[in-house]
2 protein chains.
Amino acid sequence: MGITKTDLFSTEQNELAQLAKAFAHPARIAILQYLAKTKSCINGTLVQELGLAQATISQHLRELKELGLIKGSIEGVSVNYCLNEEKWERVSALFNGLFDQLTQSCSSGDCC
Amino acid sequence: MGITKTDLFSTEQNELAQLAKAFAHPARIAILQYLAKTKSCINGTLVQELGLAQATISQHLRELKELGLIKGSIEGVSVNYCLNEEKWERVSALFNGLFDQLTQSCSSGDCC
DNA sequence: TAATTACATTGCAATATTACGATTAATAAA
DNA sequence: TTTATTAATCGTAATATTGCAATGTAATTA
């Protein structure tokens, strides 16, 4: 059906899954890394940088923006995108929590 | 097209994206968390636990297994699944590296 | 051997994602 | 005002994902 049964899961599980989707495409990872590198928050240079079509990059940017991971401010004709600082604290906290939970289980040595 | 242009991106970006897909569904997060909790590495109790059909759970388990995140060993009629300890070190290292990279950028204060 | 149990696989339907050309909207420059 | 320039949006095609019923497979039990 292609539709996720979100009602079966906890808010946190759904939130993690939603955020993970942002990272589930190499272009979006590349975009985030590029924004981290060029702190000046460059925009459609990404099209040249990544080699995808303008419409495709725009689509990826929208997804990242909708999740609150980046924000964009209009700068004349172009748009300045940059990482949304506040959000990243929650994101890394959520994922670190998950990884801690999972790796702790392993280190306790009861795994098969 | 629904097909990702992996050749445009680095090995690490593609690896991160691939792994993120594992977390991009709440059922798979729930499965991993359940395996972490019941270290005894329980199997298709998941069907009752999660409320999805047997075939659906089996499919999610296969995806996690193909990524090397879990492993399963036959135990008579049933199968014991558990977290694959070695893999988790690499996974958390990769994601921590990404988050460090992104949050460091923010804390340096040049964001818009 | 026959029936049962526990999963995996197959086949299918519904929806989501990825990608891009074409179009549109808005600002800047001529 | 006309003409770029920049990027969002629309429409469409191809592929991927999610979910389940039905079926297949292998080990266990009667």
Side-chain angles (χ1 to χ4, degrees), chain A residues 1-9 13-14 17-31 34-35 40-67 70-82 112, chain B residues 1-9 13-14 17-31 34-35 40-67 70-82 112:
Chain A
M1 303 169 179
I3 192 167
T4 297
K5 291 193 159 181
T6 52
D7 53 303
L8 293 176
F9 309 101
Q13 287 166 339
N14 283 312
Q18 202 71 40
L19 288 169
K21 278 189 190 177
F23 307 125
H25 196 290
R28 289 192 290 268
I29 290 182
I31 289 173
Y34 189 77
L35 286 178
S40 40
C41 307
I42 295 300
N43 63 329
T45 332
L46 292 164
V47 176
Q48 293 174 36
E49 192 73 21
L50 301 192
L52 287 168
Q54 183 264 318
T56 308
I57 300 286
S58 188
Q59 207 172 344
H60 284 306
L61 284 170
R62 184 173 55 186
E63 285 169 52
L64 291 172
K65 197 163 69 177
E66 276 171 357
L67 282 170
I70 64 174
K71 39 186 182 175
S73 54
I74 296 169
E75 187 101 356
V77 184
S78 59
V79 177
N80 260 6
Y81 280 104
C82 61
C112 55
Chain B
M1 301 167 181
I3 190 168
T4 298
K5 290 192 158 184
T6 53
D7 52 305
L8 293 177
F9 308 102
Q13 287 166 339
N14 282 312
Q18 202 71 41
L19 287 169
K21 279 191 190 176
F23 307 125
H25 195 291
R28 289 191 290 268
I29 291 183
I31 288 173
Y34 190 78
L35 286 178
S40 40
C41 309
I42 294 301
N43 63 330
T45 332
L46 292 164
V47 176
Q48 292 174 37
E49 192 73 18
L50 302 191
L52 288 168
Q54 183 264 315
T56 307
I57 300 285
S58 188
Q59 206 172 343
H60 284 307
L61 285 169
R62 186 173 53 186
E63 284 169 51
L64 292 172
K65 198 164 69 176
E66 275 170 358
L67 283 169
I70 63 174
K71 38 185 182 173
S73 54
I74 297 170
E75 188 100 356
V77 184
S78 59
V79 177
N80 261 5
Y81 280 104
C82 60
C112 56

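Naming convention: chains lettered A, B, ... in sequence-line order (proteins, then strands); numbering from 1 in each chain.
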Which is true for A:L52 with a 4.0 Å heavy-atom rule: it touches a base, it touches only sugar-phosphate, or it touches nothing?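 Sugar-phosphate, no base atom in range.
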
Heavy atoms under 4.0 Å, any strand shown: does A:S58 hit a base, just sugar-phosphate, or nothing?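 Base contact.
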
Under the rule of Watson-Crick or G-U wobble with both distances under 3.5 Å, where | means paired to another strand and [ ] a crossing pair, DNA chain C maps to ||||||||||||||||||||||||||||||

5' to 3', nucleotides 22-30 of chain C under a 4.0 Å protein heavy-atom cut-off (B base, S sugar-phosphate only, - none) gives -----BS--

Provide, to the nearest angstrom, the distance between the [atom1] atom belonging to [X] and the [atom2] atom belonging to [N].
X     : N      : atom1 : atom2 : answer
B:I57 : D:dT17 : CD1   : P     : 18 Å
B:L61 : D:dC20 : CG    : P     : 14 Å
A:R62 : C:dA16 : CZ    : C1'   : 14 Å
B:Q59 : C:dA8  : CD    : P     : 12 Å
B:N80 : D:dA27 : CG    : P     : 16 Å
B:I3  : D:dA14 : CD1   : P     : 12 Å

Name all residues meeting the side chain to side chain contact (heavy atoms under 4.5 Å, CB included) criterion together with A:L8; count only those two or more places apart in sequence or in a different chain, and write none if there are none.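 By the side chain to side chain contact (heavy atoms under 4.5 Å, CB included) rule, A:L8 matches A:K5, B:L52.
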
Run the side chain to side chain contact (heavy atoms under 4.5 Å, CB included) test against A:L67 and tell me which residues pass, sequence neighbours left out.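 A:L67: side chain to side chain contact (heavy atoms under 4.5 Å, CB included) contacts with A:Q18, A:A22, A:L69.
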
Heavy-atom pair of closest approach, residues [X] and [Y]:
X     : Y     : answer
B:L50 : B:A27 : CD1-O, 4.0 Å
A:Y81 : A:I70 : CD2-CD1, 3.7 Å
B:A53 : B:V47 : C-CG1, 4.5 Å
A:P26 : B:N14 : CG-OD1, 3.2 Å

Below 4.0 angstrom, which residues in residues 18-28 of chain B have at least one non-hydrogen atom near DNA chain D?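 Heavy-atom cutoff 4.0 Å gives B:K21, B:H25, B:R28.
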
Only distances under 3.5 Å count here; give the side-chain donor-acceptor pairs of residues 55-66 of chain B to other protein atoms, sequence neighbours excluded, each with its distance to 0.1 Å.
from  : atom 1 : to    : atom 2 : distance (Å)
B:H60 : ND1    : B:R28 : NH1    : 3.0
B:E63 : OE1    : B:R28 : NH1    : 2.9

OP1 or OP2 of C:dA8 sitting under 4.0 Å from any side-chain N/O of B:Y81?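 So the side-chain polar atoms of B:Y81 do come within 4.0 Å of the phosphate oxygens OP1 or OP2 of C:dA8, strictly under.
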
Hey, does the side chain of A:H60 come within less than 4.0 Å of C:dA19's phosphate (OP1/OP2), counting only N and O?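 True: A:H60 side-chain N/O within range (under 4.0 Å) of C:dA19 OP1/OP2.
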
Both B:T45 and A:A53 contact DNA chain C. Which one's nearest nucleotide lies toward the 5' end?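 The residue closer to the strand's 5' end, by nearest nucleotide, is B:T45.
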
Position toward the 5' end of DNA chain D (nearest nucleotide), A:K5 or A:K65: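 Nearest-nucleotide comparison on DNA chain D picks A:K65.
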
With respect to the side chain of B:T56, which nucleotide from D:dC20, D:dT9, C:dA19 is positioned closest?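 From the listed options, D:dC20 comes nearest.
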
Are any of the side-chain heavy atoms of B:Y34 and B:T45 separated by less than 4.5 Å?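 Yes - at least one pair of side-chain heavy atoms lies under 4.5 Å apart.
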
